[in-house]
Amino acid sequence: MIDLPLLARGKVRELYAVDDGHLLLVASDRLSAYDVVLPTAVPDKGAVLTGLSVWWFEQLADLVPNHLVTARTAEYPDSLQPYADELRGRSMLCRRLTMVPVECVARGYLTGSGLRDYQQTGGICGERLPVGLQDGSRLPATVFTPATKAAVGDHDENVSYDAVVDAVGAELAAELRRLTLAVYGRGSAIAADRGILLADTKLELGHDRDGVLVLGDEVLTPDSSRFWPADGWQPGQAQPSFDKQYVRDWLDASGWDRTAPGPELPGEVVERSREKYVEAYERLTGSSFDSWLREA
Ligand code: PZK
């Protein structure tokens with residue numbers, strides 16, 4: 001147990017206060033499927049997602065500064081040293097930001113809440129789209145589809161660009177859109193080189209004490225983005241998820257009604273799922289996952 005003030009708790013992550021200017025973001029090995037956090041953890045999932053985030057922050061550093069101070073536990077403050085073994089590989093010491101109250105999403109492909117909006121309105125977040133698009137279709141151009149955080153347990157609500165302008169002003173809204181599209185562009189280009197499609201991604205940005213807009217949270221992980229194997233891409237149906245498909249297939253076959261708590265996963269499903277997360281790390285970064293654990 002980490003005896004620090006808990007600032008926020010997500011479905012599978014926790015955020016602790018370290019001191020005035022710093023936070024600790026801790027990724028658990030929990031996994032959510034069909035919006036339910038499953039009772040069985042996937043060993044190393046939290047470390048894979050943290051290692052991926054740290055790697056992506058480096059790949060994006062010329063586009064946008066980020067909140068990462070260090071993910072090396074040896075460099076953590078003395079107050080965290082009692083927890084070093086528990087935190088190694090799956091935590092990031094971050095600068096405290098004032099978060100912008102907008103979930104910044106970029107979509108290059110149509111699926112999920114974007115598909116639902118499209119089917120109901122012919123567009124997403126007020127942006128019209130061509131007729132005839134299907135689940136998984138490539139969009140004619142990447143779209144910024146902002147959302148606002150809903151109450152705990154609820155889904156974020158897609159909002160129009162004008163609503164973002166009303167909430168944060170025209171200047172910041174334009175900067176959020178520019179940075180979100182730039183991050184998606186860089187991320188999708190790198191992923192495509194490795195045979196992976198980046199369907200969409202969600203960013204959180206905040207201002208540091210100097211008023212500079214900074215990328216926060218985790219970035220371009222399988223929990224904040226949809227990654228699809230490029231070779232299986234076929235619009236007109238749900239695309240297989242790079243990381244979670246094996247778990248979803250097993251859950252579908254199990255007869256589970258998708259209500260909490262969800263079934264325990266068998267060992268082979270856990271092991272296969274762990275392998276997919278590690279494979280995602282290694283394919284994207286070109287480095288071994290073990291090297292990440294040694295580095296942290
Ligand atoms: C912050 N979240 C979302 C993430 C959770 C909740 N650097 C920062 N400074 C201030 N606030 C945040 C961050 C970051 N990142 C992020 N909420 C606040 C969130 C992870 C787990 F429970």
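Counting starts at 1 for both ligands and their atoms, following the listed order.
Atoms OG and CZ, on S28 and R9 in that order, are 8.5 Å from each other to the nearest 0.5 Å.
From the protein, the heavy atom lying nearest to atom 8 (C) of ligand 1 is L23 CD1, 3.3 Å. For atom 4 (C) of ligand 1, the closest non-hydrogen atom of the protein is R13 NH2, 3.3 Å. For atom 6 (C) of ligand 1, the closest non-hydrogen atom on the protein side is A8 CB, 3.7 Å. Of the protein's non-hydrogen atoms, the one nearest atom 10 (C) of ligand 1 is L97 O, 3.0 Å. Nearest protein neighbour of atom 7 (N) of ligand 1, counting heavy atoms only, is R95 O, 2.8 Å. The protein atom (non-hydrogen) at minimum distance from atom 15 (N) of ligand 1 is D217 N, 3.0 Å.
A salt bridge (charged side-chain N to carboxylate O under 4.0 Å, His left out) with D223 holds for exactly one of K202, K45, K11; it is K45. None of V212, V214, V219, L205 except one satisfies the side-chain contact (heavy atoms from CB on, under 4.5 Å) rule with V64; the exception is L205.
Neither the backbone nor the side chain of L7 comes within 4.0 Å of ligand 1, counting heavy atoms alone. Heavy atoms of E218 found under 4.0 angstrom from ligand 1: none, in either backbone or side chain. Using a 4.0 Å cut-off between heavy atoms, H67 contacts ligand 1 through its side chain alone, with no backbone atom that close.
Using a 4.5 Å cut-off on side-chain heavy atoms (C-beta onward), L93 and L80 make contact.
Taking only non-hydrogen atoms, the option from L25, L15, L68 nearest to atom 20 (C) of ligand 1 is L25. The heavy atom nearest to atom 12 (C) of ligand 1, out of those in H22, M99, K11, is found in M99.
Note on R248 versus D243: no salt bridge recorded, every NZ/NE/NH1/NH2 to OD/OE distance being 4.0 Å or above.
Residue G10 has no N or O atom closer than 3.5 Å to an N or O atom of ligand 1.
Between Y109 and W233, the angle of the ring planes goes over 60°, which puts this pair in the perpendicular group of the 30/60° scheme. Using cut-offs of 30° and 60° on the angle between ring planes, the pair W256 and Y34 is tilted.
Under the 4.5 Å side-chain heavy-atom criterion for Ile, Leu, Val, Met, Phe, Trp and Tyr, I190 and L220 are members of the same hydrophobic cluster.
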